[in-house]
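Beneath this line is the structure, given in structure tokens, with notes to follow.
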Amino acid sequence: MGFVHNHHAMNILAELRSRFSKALDEFTDDPEPFAEMVRPAQDPRFGDFQANCAMPLAKRAGANPRDLAQQLVDELDILDLCDPPEVAGPGFINLRLRDDWLEAEVNAIGLDEKLGVVPAEKPRKYVVDFSSPNVAKPMHVGHLRSTVIGDALCRVLRALGHDVTSDNHIGDWGTQFGMIIYGYKHFLDHSAYQQDPVGELARLYRFVNTLCDYRGAKEKLPHLEDRLDELKRQLPEAQAEAKADKSHRKKVKRIESEIRDLSGTGERSGEIEQTRSRIQAVESDPALREAIQSHPEIARLVRDETAKLHAGDEENNRLWDEFLPQCIAALERVYERLGVSFDLTLGESHYQPQLAAVVDDLASRKLAVESDGAMCVFIEGNAAPFIVRKSDGAFTYATTDLATIRYRIDELGADAILYVVDARQSEHFDLLFAAARKWGCLDVELTHVTFGTVMGEDGRPFKTRAGDVVGLESLLDQAVAQARKIVDANDDAKPGGAELDDASRAQVAEVVGIGGIKYADLHHNRDSDYIFSWEKMLAKNGDTATYMQYAYARIGGILRKGGVDREQLRSAGERIRLIEPAERALALQICRFPEALEAVAAEYRPNQLTQYLFETANLLSTFYEQCPVLKAEDDSTRNSRLALVDLTGRVIQYGLSLLGIGTCEQM
Ligand code: ARG
């Protein structure tokens, strides 16, 4: 078989699709969508891949789908890769890779440092905006989600040969600085600030924010109570109407749900109770009560401090210069622990000098117009305008984001900009992208990579205890502490006695704990909300990083036990032979690694890779059950299996690393 030695690893699915595309030329002017219908087979009994394009093609042509499938098969130039394709059922085309081809492919991947991943034909310049917390303000788990997802996307896109710039668009110019500056001027605890500046700034933020919030809550409460009374009056009437005419049921539902939101349910408190308890919390705290009385105008004064900062007031800018590096240092600690780094950290403040010009430019092109004293971009089909300058002259989140897009296109040369941000900001991004298009940013992909909310086990958005960066750090500590218990228990239970000393256990626990948190996030469909659960996160068996990390370490264990040196095994270029079905299935999975990365990049979904890795680890266990490695019947089988297992380990390790998750040789 001459092709074995010059066999190049490839993306098999892409290759099959391109073969189909050529054959489909005979049947349609637009083969791509039909070629896309080549998919991995659902059931391995029917082959490795399946093409479902004959049915829709036949329907269009008024032909018999089975006949058309056969004609398509006759056109296909595919027999170097596949056994002769079979037409099945109503016109499915089943494809099974040739065993000799698959063997050549898996061996080629073994010789390839990149495990068969071929660099993109047309590399793109990506700017990925992620993490982007508002500094000096409670950072919530949503920012952790953005950080973990954004980092994984950067790694995968880079592995695919793209040019990626990661940019942490921190909120370093917002109204929180008015709160902190006001707090600093009136409520600072000097010694606390000496000891832990960021902790004290966070306390000041919470303190001032609570005071500002108090007035709002006091004003809102009577309105909420009135609304509830009114709904309760309306309800019986609406119920009577619904009895007479079913079409009124919707209205009853709406009233009931609003009542629930206001007055709560058995498990959940409603908005009224929450507002009351916010008021109560202030009034029952002597320090807060005192502050309320001596700072009745606090909300306005805080706004003034922000305005002074933005207008260039010397003292406020000096304070900002003092606070910012400390806030960033605190963030850095979290990033370092997570193993995340950024090429750029260009926060909102970076764009401030450009904002006036942005609004002027929009106005001169008649894209922004005045409305109630504000400058707005109106977007067709959207009631809410995109406000780029408020009536008091302040620029907005929107203005900054427009300036940022310009910068990323003009200065960074972006072909695509990804925003890894909470789905709750969808409306902002819809308007932003529409406004940017009107402004002439046409040749750039703009994508809001949305994600859902992390929920606590109580069904409410998950909060760290302190709700701030410090809280996030303690969350990571907690993960590592939990992981340590698992690592200890596992090591203590080893049949030959414990293998790890205290320092290595600590190291392993760090990798397992941090990896567990990241994986738990990444393996969900990013659009869905999910419930944060320690137990599920660190399960040794299941769709977890822990499971894969143990799978990886076990491979190292087998090699050590067999006295096999990894480097030697690799450099000997040991041939993998595929005899048993479990060997073939595992090899096929390995060959599909490039496909998994493409799937991540297609819709920016890291869970495509977690799923792939989970399946890989499962196929590896099946392989162990069916194919003895060290006790294989002869040397060449043993060596082939060792090489297969080692290669699987490389796939797991590289795959996890692209998710930002580490592995340990021994655990
Ligand atoms: N700082 C914002 C927040 O915490 C997220 C910023 C996202 N990026 C952007 N370019 N808007 O909600």
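All residue numbers refer to positions in the sequence shown, counting from 1. Computed from heavy atoms alone, side chains included, the values below leave out hydrogens, waters and symmetry copies. First listed ligand is number 1; within each ligand, the first listed atom is number 1. This structure is a prediction, so every number in the text was calculated from the model and none was measured.
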- Task: Would you mind telling me which of Leu659, Thr610, Ile661, Leu656 makes a side-chain contact (heavy atoms from CB on, under 4.5 Å) with Met548?
- Result: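 With Met548 as partner, side-chain contact (heavy atoms from CB on, under 4.5 Å) holds for just one option, Leu656.
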
Ligand 1 to [X] polar contact by distance, N or O atoms, under 3.5 Å:
X      : result
Ser132 : yes
Asn134 : yes
Tyr419 : no
Glu348 : no

- Query: Asp213: what forms a side-chain contact (heavy atoms from CB on, under 4.5 Å) with it, not counting sequence neighbours?
  - Reply: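 For Asp213, the residues satisfying side-chain contact (heavy atoms from CB on, under 4.5 Å) (neighbours in sequence not counted) are Arg278.
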
Any idea which atoms of ligand 1 are less than 4.0 Å away from a heavy-atom of [X]?
X      : result
Val421 : 7 (C)
Phe429 : 11 (N)
His143 : 3 (C), 4 (O)

- Under 4.5 Å between any side-chain heavy atoms of Glu473 and Val334, yes or no?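 With C-beta onward as the side chain, the pair touches.
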
- Going by heavy atoms in the side chains, are Ile417 and Thr447 under 4.5 Å from each other?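 No, side chains not in contact.
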
- Does Thr404 have a non-hydrogen atom less than 4.0 Å from ligand 1?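 Checking ligand 1 against Thr404, which is what was asked, there is no heavy-atom contact under 4.0 Å.
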
- Sequence neighbours left out, what passes ring-ring contact (aromatic ring centres under 6.0 Å, His included) with Tyr351? Give chain and number order.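 Partners of Tyr351 under the ring-ring contact (aromatic ring centres under 6.0 Å, His included) test: His169, Tyr407.
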
